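Note that the coordinates shown come from a computational prediction; the quantities given were computed from them, not determined experimentally.
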Amino acid sequence: MEPKYIFVTGGVVSSLGKGIISASLACLLKARGYRVTIQKYDPYINIDPGTLNPYEHGECYVTTDGRETDLDLGHYERFTNVCTTKANNVTTGRIYQNVIDKERRGDYLGKTVQIIPHITDEIKRNIMLLGNTGDYDFIITEIGGTVGDIESLPFLEAVRQLSWEMEGNSICMHLTYVPFLHAAKELKTKPTQHSVKKLQELGIQPDILILRTEHDIPAGMRRKIAQFCNVAPNAVFQSIDLPSIYEVPVAMHAQHLDEVVLGKLGVNPEGEPHMTPWMNFLDKMHSAKQTVTIGLVGKYVELQDAYKSINEALFQAATYCDRKLDLRYIHSEKVNNANAAELLKEMDGVIVAPGFGQRGIEGKFAALKWCRENDIPTFGICLGMQCMVIEFARDVLGLTNANSTEMDPSTPNNVIDLMDEQKSISNMGGTMRLGAYECKLEPESIAGKAYGKTIVSERHRHRFEFNSDYRQRYEQAGMKCTGENPKTHLVEIVEVPSLRWFMGTQYHPEYTSTVLNPNPLFLSFMKAAIDYQAERTNQQPTN
């Protein structure tokens, strides 16, 4: 069938969860057998979020083809098991860059370049790219920001134009907030009415309303909203706060969101979505009685979204191991050799987080030293892996001044060094080693046994690497290089086989962990943490 477009906009306030709603709808449509993808249009002028720190934009997610993107793409993949690419996330900056490049080439034949039609045409061209591939039945397009933001206006104008041009093959789904005033003890619909009115002023009539709320919205109030907003009563849905984001698809299906969407797009909603695997995951989540405690050591632990993919990968792994996850954040700036035992002694396992820069790095070394010496299941990711290598050099190899040239360019023992391919690069944005690369595993290593195969593909985001000049010294001292790129021999995985579970990966395995296919390394790490917990509490270990 001809591809259908679902445009998702937001109003009243930001951070309402457009990405979760979009991912949930995609999950339901995919469970009905349709081919679905989601794309995100962000209104900021950065070319991508790669140069933004987590305080600005949360986690930077990386696609298989090496695009640094918005963290919502992580939700899209976790909910749908469909890999995203550079086509799934476009910013204002990229749109303007494309238009300016065309103007410089003379593509506009000397015409004055304007927001309309040139910018909006470029937005429309990008929106249609995924539909033109013939690979998808439904393309869900999330417009970032909030209706009324000046930055979002060109995107909304493009949506208005496409809605007319597509002749019934598109709908608009608008997400708003219905606040509860505690003093008056009542919900207020006026913000939603104003938000829809603003959207209508821009020439867009929403077909479906999703009402974010902390309290149940009575049916009569939903009918009132429908009446004031020119939306069919059966097309007004509430998205109430739930204990887990993974319950949202089920909650939306219970209100028949997927059926209404299909009906409005002229598709007969036959039967029910095949949600058995998803429901099995939720059953495990709800039935878990025991808890596993994992410490995450990083410098952005006060930020909810800084380590979003790691958080979700840990939660998925814990769920499949029939455990509730007690994730404790430990600020790496507050860890040192004197207090590491006190901060980490209650942990069943420890994750040392990725990142960039000097801040908090010594705390990661202290945490790793204590975990290694006390044989705690420990997982270092990207910079966390590099910190494992540096700590081992200092405290086992005796290279007390070992470091990464990222932290100390003049270190005489550069056990972590800038990749050769990075040495001639001056621009920061989009120039790291990005995207999926193959890794060859030692079959009898922890990683080899976890994956059950010797060649895997995982995603990267780094400039620095393990310095192979030191490899023999590490191997002889007990830190094994158990995974490497088969073409470049770049070291991808280090392990200490004499310990329970002590591994670092140069790549980011969290990016490929989804609800229905949790990453094998996180499952292996979680099982090791549970076994360690059982050992020190004299409980029955996991199978």
Side-chain angles (χ1 to χ4, degrees), residues 49-62 68 70-71 74 293-315 325-347 349-372 376 378-395 402-409 411 415-416 418 428-429 432 460-465 502-511 522 525:
T51 56
L52 296 174
N53 71 41
Y55 290 103
E56 290 285 335
H57 204 69
E59 173 189 75
C60 178
Y61 191 77
V62 177
E68 294 171 295
D70 183 82
L71 61 82
T293 303
I294 304 296
L296 191 152
V297 180
K299 66 177 178 179
Y300 297 117
V301 294
E302 70 274 27
L303 303 177
Q304 179 179 340
D305 291 333
Y307 305 112
K308 192 63 175 176
S309 292
I310 292 176
N311 298 352
E312 298 306 319
L314 287 169
F315 178 81
L325 176 65
D326 178 9
L327 183 56
R328 301 189 186 181
Y329 297 100
I330 301 161
H331 204 302
S332 57
E333 283 191 287
K334 298 179 181 179
V335 184
N336 54 53
N337 288 329
N339 66 10
E342 185 63 30
L343 293 173
L344 300 171
K345 65 182 182 180
E346 295 181 2
M347 306 303 143
V350 173
I351 291 265
V352 180
F356 298 91
Q358 174 68 36
R359 185 168 69 89
I361 202 79
E362 294 297 328
K364 291 183 178 181
F365 296 151
L368 285 164
K369 176 180 170 66
W370 188 86
C371 289
R372 180 179 54 78
I376 311 299
T378 306
F379 194 177
I381 297 175
C382 198
L383 180 61
M385 172 267 202
Q386 295 174 3
C387 289
M388 279 184 164
V389 169
I390 296 167
E391 187 278 325
F392 197 88
R394 292 180 178 183
D395 298 318
N403 214 328
S404 166
T405 51
E406 179 186 9
M407 315 305 168
D408 181 6
T411 177
V415 294
I416 301 295
L418 188 65
M428 297 294 290
M432 285 186 278
H460 297 68
R461 186 175 184 247
H462 64 106
R463 298 185 192 278
F464 295 80
E465 64 170 321
F502 197 86
M503 180 194 298
T505 61
Q506 183 60 78
Y507 55 79
H508 290 259
E510 69 272 20
Y511 290 151
F522 279 92
F525 168 70

Legend entry - Identified side-chain contact (heavy atoms from CB on, under 4.5 Å) partner of Ile381 from the options His508, Gln506, Gln386: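 Of the listed options, the one satisfying the test is His508.
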Within the 4.5 Å heavy-atom criterion, are [X] and [Y] side-chain neighbours or not?
X	Y	result
Lys308	Tyr61	no
Thr378	Met388	yes
Ile310	Pro354	yes
Thr293	Glu346	no
Phe356	Arg461	yes
Glu406	Ile416	no

Inset, instruction - Just say parallel, tilted or perpendicular for the rings of His460 and His462, cut-offs at 30° and 60°. - result: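 Aromatic pair His460/His462 classed tilted.
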Inset, instruction - Look at the rings of Tyr300 and Tyr307 and say which category their plane angle falls in: under 30° parallel, 30 to 60° tilted, over 60° perpendicular. - result: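 Geometry flag for Tyr307 against Tyr300: tilted rings.
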Minimal non-hydrogen separation, [X] against [Y], with atom names:
X	Y	answer
Glu391	Phe365	CG-O, 3.5 Å
Ser332	Lys364	CB-CG, 3.9 Å
Trp370	Ala340	CB-CB, 3.9 Å
Asn336	Ala366	C-CB, 3.5 Å
Asp395	Lys369	OD2-CD, 3.6 Å
Leu296	Val301	O-CG1, 3.8 Å

From [X] atom [atom1] to [Y] atom [atom2], the distance as rounded to the nearest 0.5 Å:
X	Y	atom1	atom2	result
Thr405	Glu465	OG1	CD	9.5 Å
Thr505	Met385	OG1	CE	7.5 Å
Asn311	Ile351	CG	CD1	9.5 Å
Phe379	Leu314	CZ	CG	8.5 Å
Ile390	Glu362	CD1	CD	9.0 Å
Leu368	Phe392	CG	CZ	12.0 Å

Legend entry - Expected output: side-chain Arg394 to main-chain Ala402 donor-acceptor under 3.5 Å: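 Between the backbone of Ala402 and the side chain of Arg394 there is a qualifying donor-acceptor contact (under 3.5 Å).
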Inset, instruction - Answer yes or no: is there a donor N or O on one side and an acceptor on the other, between the side chain of Tyr329 and the main chain of Glu302, under 3.5 Å? - result: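 Not confirmed, Tyr329 side chain does not pair with Glu302 backbone.
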Inset, instruction - Salt-bridge test for Glu333 and Lys299: reply yes if a basic N is under 4.0 Å from a carboxylate O, no otherwise. - result: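 Salt bridge between Glu333 and Lys299, a charged N being under 4.0 Å from a carboxylate O: no.
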